[in-house]
Amino acid sequence: MSAPRLATLLARGGAIHADPHGATSPPLYQTATFAQERADAFGEYDYSRTDNPTRGALEALLAELDGGARALTYSSGMAAIAAVCRTVPPGSTIVCGRDLYGGTQRLMHRFLGGVEVVHADLSVDADGRCLGLEAAAERGRVALVFCESPSNPRLEIVDLRAVALAAHRVGARLAVDGTAMTPWLQTPLDLGADIVVHSATKGLAGHGDVTAGVVCVRDAGLGDELAARRNAEGTALAPFDAWLVLRGARTLGVRVERAQGSAQKLAQWLGDQPGVDAVHYPGLEDHPGNATHRAQARGGGVLVTFRAASAELAARVIEGTRRFTTAVSFGGIAASISAPHHMSHASVPPGAAPRPEPSLVRVSVGLEDPDDLIADLGQALRGGLADVRQSHGTHEVLGLEGEERLVDVLE
Ligand SMILES: *Cc1c(COP(=O)(O)O)cnc(C)c1O
């Protein structure tokens, strides 16, 4: 039989093969210890900090989804990223993309002693050279390149195949934060990356009821090193949380397909709205990374960001929606809306990549009817523009051409 495709893996995923009762749904082994036959004889499991059957079932599924030798789960996405950073020897450099989740920047710039962290332009020229990375490699020993594609929150695209080759040329590993895509849409290990990390809190678990992180590696030796350290430090995902992620992940495919279809529709609609200066969605043909993204992913994903005509308008739109929860995080069943400047990226320390502008709005599309979401954003935009017009006169915010389009909408 040929290898199962992702949908089949997910539907069947998480079975515990040696379960003595043949449970058809993955059982929750909510136990700290496992009895041993003798003091000097260990069974497959002895202590849940080290290994637990429920967590093991989840990790086996995740390794298959991402096509890695081994997947390890942690108490959060940040714990997973911290574990990856810890593989970098002191005295060497981590090169990051320019746009990165705020918490990752906080961790890297404030809490990694002895490691230099720089942000570089990871774009690749016609000869496949990544000049930003080469320049960093001239100044220090680069051990790790770390990026997101699409990045959070600007949804910029990095050519992962080319950056993997460029990283290997300077003797570095490439780690990709795949949170925004999930393995359903993109498998960076297949593109040449060495490590993929996910905040499973987002789309992988998908129900907003657990925080969890994943590291999946191509090389089994690196997997063993990470597992040994995780056991020593005790940062593994708890069994109940592993069970929740497993339960959520089994519907990953249908959730992502449904939500990204709506996200595409919403992004297209947003492009024509007064008060919206720019829409960032890698599934749009006019997105600068669209061709690269199409060659390395299976869809634009569930996140759409847009730049409102002003920070004030952005705030009014966020407050004015009724079918979007104002909340950090994304990839859940219900739609959410946020201002990355004030929320997910508030922790970006000085010296890191530039913080997103306050006029940027990030939307995560859920399983709602897309027409309801569009109608709601439409009323929030119209209401926000009317408020702004009352306090300033809209032409200050939109320019005269925008004002004319707005008059059509409001009247
Ligand atoms: C949320 C997020 C993280 C951090 O994950 P937690 O589970 O919140 O610790 C890392 N990377 C990206 C891209 C994220 O969106």
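Small disclaimer: the values here were computed from a predicted structure and weren't measured. Quick note: numbers below take in every heavy atom, side chains included, and nothing from hydrogens, waters or symmetry partners. Atoms within a ligand are numbered from 1 in the order they appear, just like the ligands themselves.
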Are R230 and E59 close enough for a salt bridge, meaning some N to O gap below 4.0 Å?
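Between E59 and R230 there is a salt bridge, with a charged N closer than 4.0 Å to a carboxylate O.
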
With sequence neighbours left out, the residues meeting salt bridge (charged side-chain N to carboxylate O under 4.0 Å, His left out) with E148 are none

By salt bridge (charged side-chain N to carboxylate O under 4.0 Å, His left out) - contacts of D371 (at least two apart)
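Residues passing salt bridge (charged side-chain N to carboxylate O under 4.0 Å, His left out) with D371: K265.
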
Evaluate the criterion salt bridge (Lys or Arg N to Asp or Glu O under 4.0 Å) for residue pair R70 and D224; output intermediate values, then yes/no.
CA-CA 8 Å; R70 181 161 189 179; D224 292 345; 3.0 Å; yes

Please determine whether the number of non-hydrogen atoms from other residues, nucleotides or ligands lying under 6.0 Å from atom CZ of R55 exceeds 12.
yes

Which residue pairs pass the side chain to side chain donor-acceptor pair (under 3.5 Å) test with at least one member in residues 132-141, sequence neighbours excluded?
R129-E134

Within the heavy-atom cut-off of under 4.0 Å, ligand 1 is lined by S76, G77, M78, I81, Y101, E148, N152, D177, T179, S199, T201, K202, A212, F330

